[in-house]
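Have a look at the structure below before the remarks.
Computed from a predicted structure; not experimentally measured. Note that ligands are numbered from 1 as they come in the structure, with each ligand's atoms numbered from 1 the same way.
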Amino acid sequence: MADPVELVPHSAFDTILTLDFGSQYTHLVTRRLRELNVYSEMLPCTQKLADLDWKPVGIILSGGPYSVYEEGAPHVDPAYFELGVPILGICYGLQEIAYRSSTDNVVAGTSREYGHAIIKPKSFGGHVDSLFKDLGDEVKVWMSHGDKLAKAPEGYHTIAETGHSPFAGIAHETKPIYGIQFHPEVTHTENGTQILKNFAVDICGAKTNWSMGKFVDQEILRIRKLVGDKGQVLGAVSGGVDSTVAAKLMHQAIGDRFHAVLVNNGCMRLNECEQVHKTLSEHLGINLTVVDASKLFLDGLKGVTDPETKRKIIGGTFIDVFEAEALKIEKAAANSDKAGKIEFFLQGTLYPDVIESISFKGPSATIKTHHNVGGLPKRMTEGQGLKLIEPLRELFKDEVRQLGRELGISHELVMRHPFPGPGIAIRILGEVTPERVEIARQADHIFISMIREAGIYDDISQAFAGLDSNRAVGVMGDKRVYGYMIILRAVCSTDFMTADAYPFTNEFRKAVATKIINCVDGVTRCLFDETTKPPGTIELE
Ligand code: GLN
């Protein structure tokens, strides 16, 4: 079923379309525009205008790793240039504009230019000056390129230059087409946001009316239209921010016709199920069923030490349990005259997952399988014909947090560290037994509580206690003991692609180690994991 057309964001808001040529910064363009309250969407550079069922108010051609003159390099559909809306090319995008005009306009530079540069905007009057309006005589910008323009394309003014790049900015003499060699979307470019604002608001005339509050109203209407008066939606929740925000939005839209299911896989944190139950059903009023399947999961994990096998067992068991629950809910619903069939499955997919699936990163689009709460029940969505509802698919993580606040979800939950679907099982190296889960769980609780007490929880992106497969000797109360080793990990990261260990003070470390060893039976050592990502991953397995 298609989305009700008038309610999808690009139909309701003036939208800037960013065509992605594979730069690592492209999503930042979208992000910056939304910060300016201008709605923006990103699509792969291979998107044909004819296949687009909406009209953007402006187009941005992003940077990219290729050289425009290289064989197989991606090129933009020329139809966009006939659409009559303003176009801004950034780096590769600039080169693409120049190359379209004449293939000898772009050449390999003799030296690459990475890092800061100063541009001096030049004035020609009229629309040509609009891009660099309110920027002053010199702008500190950030460059990352090897190719350059050999000359300004015919019909274009050179509106900025640097020592290395005589054509750091160009503008068409009569049409609103611009190109810049530097990246306005990165924070290293001073006033970069102003340049994007000049383009989006002044040049494209985009209304600055995108806001999270409007998004909520809009999304609620969209969900209601999509689901209808009787349709029902099923969704898994984990207590994490994404699934909670998505669930709350569904509840707001369709009330109890949204059924949330929390599966206790026996590898959750201390008191987690009780807490999630309390927050979701008591505080947020969501129709929630908690299924305790911990024994089933832990029995399945008996004797298993391989990390991938653990994940598969947990994922498979999750689907079985979830499916059985869905059938029960369906049966109960069939007896009520208020509701219809369960037709939809809620998924908390975020924009970065969408971007990764559609982005142009190589000769063809890379497709990533999403891993959501306990793994996507493909068998259900495909086999039983459930349709996906993904209300967060246009949002970045920090926007989801903002949305959570907007929906009245507590600060504590909104700022919660991510927790993997397989839970503690992948933080226990080696076999997962009920005894070992309990040890890791108790240690984790102490570690996280002390982090909270120290007031540093929000400074850390993710923290947890894991358990080593080996044991170490200790002397406790004059008795020789052979005990477990706890591994403590806390990292800081903005995107979870790279991460640094959090710099605890020595005092804090000692206090945590002492408390864990004193309070958790069977533990003789505490080790701190200082590994960065890469090469380490954030989780242990
Ligand atoms: N690959 C092109 C160059 O090196 C474009 C780089 C970019 O878009 N950042 O010039």
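- Looking only at distances, no side-chain donor or acceptor of Asp14 sits under 3.5 Å from a matching main-chain atom of Val57.
- The backbone N or O of Pro534 lies less than 3.5 Å from a partner atom in the side chain of Thr532, making a donor-acceptor pair.
- A donor-acceptor pair shorter than 3.5 Å cannot be found between the side chains of Glu82 and Tyr80.
- His172 has its ring centre no less than 6.0 Å from the ring centre of Tyr178.
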List, pair by pair, the atoms of ligand 1 and of the protein that are both N or O and lie under 3.5 Å apart, giving the separation rounded to 0.1 Å.
| residue | atom | partner | partner atom | Å |
| --- | --- | --- | --- | --- |
| ligand 1 | 1 (N) | Gly64 | O | 3.2 |
| ligand 1 | 1 (N) | Tyr66 | O | 2.5 |
| ligand 1 | 4 (O) | Gly146 | N | 2.8 |
| ligand 1 | 8 (O) | Gly64 | N | 2.9 |
| ligand 1 | 8 (O) | Gly64 | O | 3.3 |
| ligand 1 | 8 (O) | Tyr92 | N | 3.1 |
| ligand 1 | 9 (N) | Ser144 | O | 2.9 |
| ligand 1 | 9 (N) | His183 | NE2 | 3.3 |
| ligand 1 | 10 (O) | Gln95 | NE2 | 3.0 |
| ligand 1 | 10 (O) | Gly146 | N | 3.1 |
| ligand 1 | 10 (O) | Asp147 | N | 2.9 |

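- Under the rule for a side-chain contact (heavy atoms from CB on, under 4.5 Å), the partners of Glu138 that lie at least two apart in sequence or sit in another chain are Ile118, Lys120.
- Taking the centre of each ring, Phe182 and His145 stay at or above the 6.0 Å mark.
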